[in-house]
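As structure tokens, the structure follows; a few thoughts come after it.
Any value given below was found using the heavy atoms of this structure, including those in side chains, with hydrogens, waters and symmetry copies removed. Below, chain A is the first sequence line, B the second, and so on; all start at residue 1. All of these numbers come straight from a predicted model, not from anything done at the bench.
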Amino acid sequence: MSELRAPNLLAWVDVVVTAPAHSGLGETLTYRCEQALTPGTLVRVPMGRRETLGLVWAVRDHPPEGLQPAQTRPVTAVLDALPPLNARWRELVAFAARYYQRALGEVALAALPPALRDLTPEQLGRRLKKTQPETPTAVSASALAPLSPDQAQALADLQGESRPVLLYGTTGSGKTEVYLRAAQRLLEEDPEAQVLVMVPEINLTPQLEARLRERFAAHALVTLHSGLTPAQRLKHWIAAHLGQARIVLGTRMAIFASLPRLRLIVVDEEHDPSYKSQEGARYSARDLAVYRARLESAHAPCQVLLGSATPSLESWHAAEQGRYRRLAMPSRIGGGALPRLRLVDMNQQPRHTVIAPALLQAMADRAARGEQSLVLLNRRGYAPVLACHDCGWKSDCPHCSAHAVFHKIDRTLRCHHCGHTTRVPRACPECGNLDITPLGRGTEQIEEQLTGLLADARRPDGQPVRVARLDADTTRAKGSLESQLAGMHSGEVDVLVGTQMVAKGHDFRRITLVASLNTDSGLFASDYRAPERLFALLMQAAGRAGRDAAFVAEQGSQVELWVQTWYPQHPLFAALARHDYPAFAAQQLEERASAQMPPYGHQALVRAEARTQPAAQAWLRLAAEAGAGLPGHERLTLYPAVPMAIQRVANVERAQMLIESPSRPALQAFLAAWQPALQALRAHPETHGLIRWAIDVDPLTI
DNA sequence: AGCACGCCGACT
DNA sequence: GTCGGCGTGCTC
């Protein structure tokens, strides 16, 4: 028998593919290849009876222990028309997978454009040929508006700063212009540098995109968000990866874009919870931005700029400690004043008041002068629930432990958690009573009531006052958000009712009044971050008003934020009245410190979903037992398993368990050691009925 | 995680 | 008769 010898050029590569850590396989699979491949190369490899996209992670000259060379399958194709993903990118992905307790393959492949998955080298080649390399363009040095003293100072201070920068600028202080100038300065200095700009919501990309395109040559900019078609996303990703795109504007997913010459990351509205992913790997794009800038800086300087009028307490704390550099911009452009707070004490109002008469009058007065009002109510639909007064029936969702919301517009009951929709019954399904009534109020109802209550009010042109509504329901169709915003800009609409969607970023020039109707829901929520979110929301909403100082001066109007509350003495309002975020933050941080909560303590949440609540909780109890004695265990607290606030969604029972530690490394060490034990629990008989489980590191809501 | 295979309900 | 629901099992 002749000696079996490998051909000279035979090599092996460890390839990352989408297989979860709990599949029993390692993080990488080893394949055979005929040519030397570098780490970061994209390949196509066989997986069972199909072929899949993989990423070369490591190169080796022998298969791993326990794997016969004959067991390895060959790499099918090499996508070498694309340069390899660089080491910093790979390190970012590896860190995210490790830190957020997910499989490397899941994070790596989710970070790549989905269209890349089913692309042969030939198809890729054709696609690359079509996108001709674009010539780097000079940044237009056209006449720019002069900077405010705050802006000029911030830009000067930004220069050469190696720490993450927290740009703490009040609403209307011109943070965006600072981002633009910082990007411009960098792009002029370094003809190959790339800038990543992130916004919390896809809704906010068009207006920033317009501003960026106006300032920078059009083809140097690409967007990256979930609203793109697969082909667009692939094209934009490739432009970034090849270094052709100089500016990438995107949502949280853009933090994983391949940017070989990344020199600046801007995180706009850094406090926004949307930066924390809520499915799959639950990463914080803001935190990863800080990490990524540090990784890049080991190679070439890369700044990270976090901007907000109400920074997250985490970032604020980091700035207080000097880990971040804080740059403050306290003044509004044009010297406009921030709105005056008008607290409406609901205890002093006539019974069953929905909108205080004085507030109504203030809106009518403004409409009469050609000014606009914004009314904030964080509930879609007409009423959160329908009820029968005779038998106590409520419009509960059959699949969730939540009410189905009454939408009057199409006579439906809709569950906002699972999407289950039914027609509104004509009579109580339990007792036949014809008198079933809506309880509570949503945006539809406020729109209806305001229309009625303002029926006699007139605009300057003598026409009746126009009320419109802006929420997820009215903006579902493509382009409807744009057309609604246009209606607001043109002055067609006098009063706009909406959910928090209306509070974000939009620059309406004629708003002089903002009102919050059901403010208290955020005051006493069980979630310890609720006050922080409420303060940010109210500040942000307030920031929509009086943005055009010249308009306000001309009108001679008072710019106001009206807040309806049953608790006008709440300290949050005292800080809000003074627009005093630092005082609010100091008070919140003091509470957090004494309770050892973030940013002083660190948390992770284990969530279990099962057929029954006992099954979900049993799994969590077993998980806790499996954690006893693991590294880091002595430095952390495992709380008992509890049902989640909404216990059942789409017929799945949910429970969770909180883990706290004063030490982030201890928590991380524990979670890493715990992971295999949790996977092994699958085999446990008591685990029957478990559907899935996941760990949420640094959870935002508990 | 994907994705294929495989086995039971409402329609082109 | 199929299309398609998601349960189970596999992936160097």
Side-chain angles (χ1 to χ4, degrees), chain A residues 6 10-35 37 39 41-78 93-94 96-98 100-119 226 230 253 256 277-283 398-399 418-420 607-612 615 649-653 675-676 678-685 687-696:
Chain A
L10 198 55
W12 283 269
V13 281
D14 290 342
V15 176
V16 172
V17 292
T18 46
H22 38 275
S23 63
L25 297 166
E27 293 272 53
T28 57
L29 302 181
T30 305
Y31 289 85
R32 195 156 19 103
C33 57
E34 304 281 327
Q35 65 185 106
L37 297 175
T41 305
L42 290 165
V43 290
R44 298 192 60 80
V45 291
M47 265 275 277
R49 59 189 68 200
R50 71 211 149 87
E51 197 183 280
T52 187
L53 179 66
L55 175 68
V56 174
W57 200 254
V59 180
R60 51 165 69 241
D61 45 22
H62 297 287
E65 199 89 1
L67 188 68
Q68 298 304 313
Q71 286 176 273
T72 59
R73 300 175 70 182
V75 168
T76 316
V78 181
V93 162
R98 196 165 64 235
Y100 294 106
Q101 302 294 320
R102 307 295 290 204
L104 180 60
E106 187 195 348
V107 177
L109 275 295
L112 298 170
L116 209 52
R117 289 186 188 195
D118 22 49
L119 220 54
S226 60
M253 66 159 65
F256 289 115
S277 161
Q278 291 301 328
E279 76 279 312
R282 292 161 149 79
Y283 62 89
H399 309 301
C418 74
H420 184 261
R607 296 207 173 94
E609 297 186 357
R611 292 259 188 54
T612 65
V649 168
N651 284 325
V652 173
E653 290 284 339
Q675 190 74 239
L678 295 182
Q679 278 149 34
L681 279 182
R682 281 234 163 251
H684 200 284
T687 291
H688 187 76
L690 180 82
I691 298 168
R692 59 183 149 254
W693 59 271
I695 295 177
D696 186 346

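A/Val17 approaches A/Gly54 most closely through the heavy-atom pair CG1-CA, 4.1 Å. Across A/Val43 and A/Leu37, no two heavy atoms sit closer than the pair CG1-CD1, 4.0 Å.
Applying the salt bridge (charged side-chain N to carboxylate O under 4.0 Å, His left out) rule to pairs touching residues 50-69 of chain A yields A/Asp14-A/Arg60, A/Arg44-A/Glu51, sequence neighbours excluded.
For A/Tyr283, the ring pair (Phe, Tyr, Trp, His ring centres under 6.0 Å) partners at least two apart in sequence or on another chain are A/Phe256. Not counting sequence neighbours, the partners of A/Gln101 by the side chain to side chain donor-acceptor pair (under 3.5 Å) test are A/Gln675. Checked against side chain to side chain donor-acceptor pair (under 3.5 Å), A/Asn651 has the following partners two or more places apart in sequence or in another chain: A/His399, A/Arg648. For A/Ala615, the side-chain contact (heavy atoms from CB on, under 4.5 Å) partners at least two apart in sequence or on another chain are A/Ala610, A/Thr612. With sequence neighbours excluded, no residue forms a side chain to side chain donor-acceptor pair (under 3.5 Å) with A/Arg49. Scanning for side chain to side chain donor-acceptor pair (under 3.5 Å) contacts around A/Thr72 gives A/Trp12, A/Arg32, with sequence neighbours left out. For A/Ala608, the side-chain contact (heavy atoms from CB on, under 4.5 Å) test picks out A/Ala616, A/Trp619, A/Leu620, A/Leu690, with sequence neighbours left out.
Rounded to an integer number of Å, the gap from A/Leu109 CG to C/dT11 P is 19 Å. Between the CD atom of A/Glu106 and the P atom of C/dT11 there is a distance of 20 Å, given to the nearest Å. Spacing between atom CD of A/Glu279 and atom C1' of B/dG2 amounts to 16 Å, rounded to whole angstrom units. Distance, A/Arg73 CZ to C/dC10 P: 15 Å, rounded to whole Å. Atom CZ of A/Arg44 is separated from atom P of C/dT11 by 19 Å (rounded to the nearest Å). When rounded to the nearest whole Å, the span between CH2 of A/Trp12 and C1' of C/dC12 equals 12 Å. For the pair A/Met47 CE and C/dC10 P, the computed distance is 14 Å after rounding to whole Å. Put simply, CD on A/Glu609 is 15 Å from P on C/dC6, counting in whole angstrom units.
Note that the OG1 atom of A/Thr18 and the CD atom of A/Glu106 stand 9.0 Å from one another [nearest 0.5 Å].
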Identify each atom pair where a protein N or O and an N or O of nucleotides 7-9 of chain C are less than 3.5 Å apart, giving names and distance.
none

Kindly give the atom pairs (protein nitrogen or oxygen, nucleotide nitrogen or oxygen) under 3.5 Å for nucleotides 4-6 of chain B.
unit_1, atom_1, unit_2, atom_2, d
B/dC5, OP1, A/Arg49, NH1, 3.2

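Note on A/Thr30: a base of the nucleic acid sits closer than 4.0 angstrom, heavy atoms only. Here A/Arg692 lies out of heavy-atom contact (under 4.0 Å) with every strand.
DNA chain B is contacted by no residue of residues 51-71 of chain A, taking any non-hydrogen atom closer than 4.0 Å.
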